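In what follows, a single structure is set out as structure tokens and then discussed.
Note that ligands are numbered from 1 as they come in the structure, with each ligand's atoms numbered from 1 the same way. Keep in mind it's a predicted model, so treat the numbers as computed, not measured.
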Amino acid sequence: MKVTIVGAGNVGATCADVISYRGIASEVVLLDIKEGFAEGKAMDISQCATTTGFNTRVSGSTNDYSKTAGSDVVVITSGIPRKPGMTREELIGINAGIVKTVADNVLQHSSNAIIVVVSNPMDTMTYLTLKATGLPKNRIIGMGGALDSSRFKYYLSKALNKPANDVDGMVIGGHGDTTMIPLTRLASYCGTPVSTYLSQEEMDKVAADTMVGGATLTGLLGTSAWYAPGASVAYLVDSILNDQRKMIPCSVFLEGEYGQEDICMGVPCIIGKNGIEAIVDIKLNDTEKAAFAKSADAVRAMNADLKSVLA
Ligand SMILES: NC(=O)C1=CN([C@@H]2O[C@H](COP(=O)(O)OP(=O)(O)OC[C@H]3O[C@@H](n4cnc5c(N)ncnc54)[C@H](O)[C@@H]3O)[C@@H](O)[C@H]2O)C=CC1
Ligand SMILES: O=C([O-])CC(=O)C(=O)O
């Protein structure tokens, strides 16, 4: 199976690295506009083959889309990341044009590919990709919820002082500092509700830390994060390529689900060989429903800025 990753920067290269050493795909192509950059990253990753023990073929391309031909999955990470103090939404001006051009280019050579959108503001870039390409909704998946949920589980594990892999939880809604919805009510530790062990105040802090998880890392690193984002994309790609049918919160086009229409937002999805195999309707309580509607208002307001790009 062949995966193309457009944007060989921090997130794209980390994703290629994880896909390779975990043997998720037989071939990975990294593509970037910076001359020689993707080729260099691909060569560096390939030189891990004998020490980490993998057989995935990794190659790089400077803006030559013919090398991406026949990809099963295309991941779009091209664009700019935020700097400390910025929101993801501020990236729309530059990233919208890049994402639209890239989506058009990849489809010319991989007309059947499933597209995973990573560039920010991710929900709006997912909506843009869907509208610009006209592809069916199952083939356009925005990655954000897998990452936000992994951060939620990290903060829960810290608060509980228990291993992260014993903790389960999910974040839905928009992939923004104020639009994410960590579902604390449903979070669990070894099958038991986290509310058994944590006070409301502690759970509220976990939710608040999760929502600004990306901003916290951007403040520490000077640019946005890449290890967990790259690994989260690889996790999603694994579920597609190997038809694992995992339930992963993803940004997907909603047509009435969760009370919303004509918008891409994070909801639990079954992810398999056709991309979005199904949207799972988990029963939200009234507070969660209100949070989802508020999150949708903010995402929709951002989508309105796409008018000139989509015209
Ligand atoms: N959805 C999510 O959960 C996450 C999204 N992101 C977003 O992913 C994007 C990438 O982040 P990083 O990898 O950290 O940035 P980066 O700056 O390290 O890499 C971006 C790469 O895109 C390339 N690029 C720019 N225009 C291009 C074009 N037209 N064609 C091909 N390549 C092009 C650049 O040359 C650069 O190498 C950002 O928009 C960031 O906000 C980052 C982390 C998580
Ligand atoms: O914080 C950012 O700008 C990048 C991102 O989406 C994340 O790491 O969640």
Side-chain angles (χ1 to χ4, degrees), residues 4-17 29-42 60-65 67-68 74-106 116-126 128-129 141-152 154 171 173-180 182 209-236 248-251 264-266:
T4 284
I5 301 169
V6 183
N10 285 336
V11 176
T14 305
C15 176
D17 193 32
V29 178
L30 272 167
L31 182 144
D32 203 286
I33 39 163
K34 259 188 262 172
E35 186 69 43
F37 191 61
E39 289 85 340
K41 291 283 182 104
S61 160
T62 303
N63 225 23
D64 176 0
Y65 282 83
K67 302 223 169 99
T68 70
V74 175
V75 178
I76 303 181
T77 75
S78 46
I80 54 163
R82 64 173 157 170
K83 293 259 178 283
M86 289 173 76
T87 65
R88 296 176 180 87
E89 287 76 8
E90 287 173 69
L91 305 173
I92 189 172
I94 295 180
N95 287 356
I98 294 175
V99 168
K100 183 170 183 293
T101 308
V102 166
D104 288 345
N105 286 339
V106 293
V116 176
V117 181
V118 181
S119 310
N120 274 315
M122 182 277 294
D123 299 291
T124 298
M125 294 302 105
T126 305
L128 167 65
T129 306
I141 310 175
M143 195 297 294
L147 171 64
D148 301 333
S149 301
S150 74
R151 289 186 178 141
F152 185 34
Y154 164 83
V171 177
H175 178 62
D177 297 342
T178 56
T179 57
M180 269 175 224
D209 287 345
T210 302
M211 291 172 77
V212 295
T216 300
L217 285 161
T218 305
L220 291 168
L221 297 167
T223 184
S224 56
W226 58 89
Y227 291 113
S232 300
V233 181
Y235 176 77
L236 184 59
I248 304 175
C250 295
S251 189
C264 291
M265 276 180 75

Margin query: Given Met86, Met180, Arg151, identify the one with the heavy atom nearest to atom 8 (O) of ligand 2.
Written below: Arg151
Item checked: Side chain Asn95, main chain Asn120, donor-acceptor under 3.5 Å -> yes
Next item on the list: List every atom of ligand 2 that sits less than 4.0 Å from any heavy atom of Leu147, numbering the atoms from 1 in the order shown and giving each element.
Entry: 7 (C), 8 (O), 9 (O)
Item checked: Identity and distance of the protein heavy atom lying nearest atom 29 (N) of ligand 1 -> Ile98 CG2, 3.6 Å
Notebook entry, point to check: Strictly under 4.0 Å, does any heavy atom of His175 approach an atom of ligand 1?
Noted result: yes
Note to self: At under 4.0 Å between heavy atoms, is it the side chain or the backbone of Leu217 that contacts ligand 2, or both, or neither?
What the structure shows: neither
Check: What is the closest protein heavy atom to atom 38 (C) of ligand 1, and at what distance does it sit?
Finding: Ile80 O, 3.3 Å
Margin query: Among all the protein's non-hydrogen atoms, which is closest to atom 20 (C) of ligand 1, and how far away is it?
Written below: Gly79 O, 3.3 Å
Check: Taking both backbone and side-chain atoms of Val11, is any N or O found less than 3.5 Å from an N or O belonging to ligand 1?
Finding: yes
Note to self: For His175, which part has a heavy atom under 4.0 Å from ligand 2: side chain, backbone, both, or neither?
What the structure shows: side chain
Notebook entry, point to check: Do any nitrogen or oxygen atoms of Asp148 lie less than 3.5 angstrom from nitrogen or oxygen atoms of ligand 2?
Noted result: no
Margin query: Is it the case that ligand 1 has an N or O less than 3.5 angstrom from some N or O of Asn95?
Written below: yes
Check: Just distances here: any N/O of Asn63 and N/O of ligand 1 closer than 3.5 Å?
Finding: no
Notebook entry, point to check: Which residue and non-hydrogen atom of the protein lie closest to atom 15 (O) of ligand 1, and at what distance in Å?
Noted result: Pro81 CG, 3.5 Å
Note to self: For atom 6 (N) of ligand 1, what is the closest protein heavy atom, and at what distance to 0.1 Å?
What the structure shows: Asn120 ND2, 3.4 Å
Check: Which residue holds the protein heavy atom closest to atom 26 (N) of ligand 1, what is that atom called, and what is the gap in Å?
Finding: Ile33 CD1, 3.4 Å
Notebook entry, point to check: Counting heavy atoms only, which of Ser224, Ser119, Pro229 comes nearest to atom 4 (C) of ligand 2?
Noted result: Ser224
Item checked: Top protein contact for atom 2 (C) of ligand 2, by heavy-atom distance -> Arg82 NE, 3.2 Å
